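Structure first, commentary second.
Given the structure is predicted, the values throughout are model-derived calculations rather than measurements.
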Amino acid sequence: MDKNMFCFQCEQTIGCSGCTGNSGVCGKTADTAKLQDELTGALIGLARAVDSTTAVSKKTSQVIIEGLFTTVTNVNFDNASIESMIQKVRAEKERLAPDCSKCQSPCGKTDEYDMQQLWNADEDTRSLKSLILFGIRGMAAYAYHAAVLGHEDDEVNLFFCEALFKIGYEENTEALLSTVLKVGEINLKCMALLDKANTETYGTPEPTEVTLTVEKGPFIVVTGHDLKDLQLLLEQTSGKGINIYTHGEMLPAHAYPFLKKFPHLKGNFGTAWQNQQKEFDHLPAPILYTTNCLMPPKSSYADRVFTTEMVAFPGTVHIDEKKDFTPVIEKALELGGYKEDQILTGINGGTKVTTGFGHAAILSHADTVIKSVKSGDISHFFLVAGCDGAKPGRNYYTEFVKQAPSDSVILTLACGKFRFNDLDLGEISGLPRLMDIGQCNDAYGAIQVAVALADAFECSVNELPLSFVLSWYEQKAVCILLTLLHLGIKNIRLGPSLPAFLSPNILNFLVENYGIGPITTPEEDIKTLQSGCVQ
């Protein structure tokens, strides 16, 4: 493939086929894309060095997870940082197989993989291997957040090596397809692990109303998914006269009892990640990026961008593993915040949003939900969830929610909810019609709700009055989709466009076996999806 770069891992890839020029739609340069390929090839070599061991050491797992997380869309744009990660992977491989580099008769067992072999493979092989690769990249983000809170799983860690090996060296279509579905199976374990890590550390999420008003005075905006970083920042800013506001996927933090106890965790600023260049323009406050969803910052606010963990951008200040947020705090005090309170709104004009309807909160009202379904007060559940993005057509999700029947319930999660989470949809049987389950990784909670309802009605999930209407952008959405397929969930509607890495044959397989299909119009999809019912 004779291109400056090749990348088609996100929904907004050029022409629904691939970014091949000097830079990608996300803003990463061709040089950065090539380094990410080099890093992936080095990770495959490391996976081979692990060989057939029944367990992977904590150190090796950490390196693999960090390396995969680094390559997720909108995480790392800094070539020096990626090069450092490549050297870290190579050093770990050398530690595991020290004799390989000195061998006079090399067998190639731990050689790094040339990603051009993947990009130039036949389209079905490339499609299946891409599904595996992008799925484990997303899963690595979840495993990383769980590990930060002290929770790991040997089966999850070992599977990263298995999957990397298959990407590099498996050519059998049936074996690759089996691995694709296994990504979904292992990701379910990974999401359960992170759910346990979050709730054991911060408590069970509670339904919580969150204001969109920003009070006058110094403040810091925290974006991303890492609750541990938010906790540390809250602790370090306590008593300093600095307010903390969440952004994007950090919104659900307001629902955790441990984090709610900090009085200077005030509210949520802005909407989803793709609006940050507009919303952060000349912002009188610093922004701390804890995970993916970093867009190349404009000059009007680049001096107040701070990164941590795997996130990096050239020229910005990176907070290292010591987690001393002093530079962020000093910048907040220097900028001073707004002179007066700012009454901000969501995209539909609402001044507040509600979050915290995790599986524990929803299932605590299971009797009411079941009774309302049987009485006909609730006709249908729509899970309208996933990533947001800048591509035209995503207003479909706003219109879908607005047009959903008044006797239906909307479950949502991830940043796609910012298209409609400030709408007031009213209540049914004392329960809100719009329930925000949380971050993208909280898809585990949605699954738990679906399984519990299926058990209550003694039917399968596919027989419930429940439909999945998903939006996707990056690789964490890919692994969640694979988990839903692993569970046998059918008739998912996906948009705003289907993944470019699905070859016609693989897409056909998903259509024939799972009924997966593209979104059409809100009116048509609502009509089609409402056909299911529970007796």
Quiz item: What do you reckon, are the aromatic ring centroids of Y144 and Y142 less than 6.0 Å apart?
Solution: no

Quiz prompt | Donor-acceptor under 3.5 Å (Q9 side chain, T71 main chain) | solution = yes

Exercise. Rounded to the nearest 0.5 Å, what's the gap from CG on L431 to CZ on F357? Could you check?
Key: 8.0 Å

Exercise. Carefully, step by step, assess E11 and R394 under the rule salt bridge (Lys or Arg N to Asp or Glu O under 4.0 Å).
Key: CA-CA 12 Å; E11 188 269 334; R394 288 181 180 266; 3.1 Å; yes

Quiz item: Taking NZ, NE, NH1 and NH2 as the nitrogens, is one of them in K266 or E215 under 4.0 Å from a carboxylate oxygen of the other?
Solution: yes

Exercise. Kindly give the heavy-atom pair with the smallest separation between D442 and I437, and that separation in Å.
Key: O-CG2, 3.5 Å

Practice problem: Output the distance between atom CZ (F420) and atom CG (N348), rounded to the nearest 0.5 Å. | Solution: 10.0 Å

Quiz prompt | Aromatic plane relationship, Y301 with F280 - under 30° parallel, 30 to 60° tilted, over 60° perpendicular | solution = perpendicular

Quiz item: So do the side chains of V369 and F381 get within less than 4.5 Å of each other, counting heavy atoms only?
Solution: yes

Quiz item: Between K371 and S429, does any side-chain donor sit less than 3.5 Å from a side-chain acceptor?
Solution: no

Quiz item: So, are R137 and E474 salt-bridged, with charged N and O less than 4.0 Å apart?
Solution: no

Quiz item: Aromatic ring centroids of H247 and Y245 under 6.0 Å?
Solution: no

Practice problem: Check the pair K352 / D422 against salt bridge (Lys or Arg N to Asp or Glu O under 4.0 Å), numbers first and verdict last. | Solution: CA-CA 6 Å; K352 60 187 178 182; D422 63 324; over 6 Å; no

Quiz item: Is it the case that T291 and E309 place a side-chain donor and acceptor less than 3.5 Å from each other?
Solution: no

Quiz item: Are the side chain of N505 and the backbone N or O of D124 linked by a donor-acceptor pair below 3.5 Å?
Solution: no

Quiz item: If only atom types and distance count, is the side chain of T13 paired as donor or acceptor with the main-chain N or O of C7 below 3.5 Å?
Solution: yes

Practice problem: Fit a plane to each ring of Y396 and F400, take the angle between them on a 0 to 90° scale, and name the class: parallel (under 30°), tilted (30 to 60°) or perpendicular (over 60°). | Solution: tilted

Quiz item: Are F258 and Y202 close enough that their ring centres sit under 6.0 Å apart?
Solution: yes

Exercise. Rounded to the nearest 0.5 Å, what's the gap from CG on N513 to CG on L485? Could you check?
Key: 10.0 Å

Quiz item: Which of parallel (below 30°), tilted (30 to 60°) and perpendicular (above 60°) describes H145 and F69?
Solution: perpendicular

Quiz item: Okay, side chain of N268, backbone of G270: is any donor-acceptor separation there less than 3.5 Å?
Solution: yes

Quiz item: Is a salt bridge present between D436 and K417, judged by a nitrogen-to-oxygen distance below 4.0 Å?
Solution: yes

Practice problem: Would you check if the side chain of W273 reaches a backbone N or O of D388 as a donor-acceptor pair within less than 3.5 Å? | Solution: yes

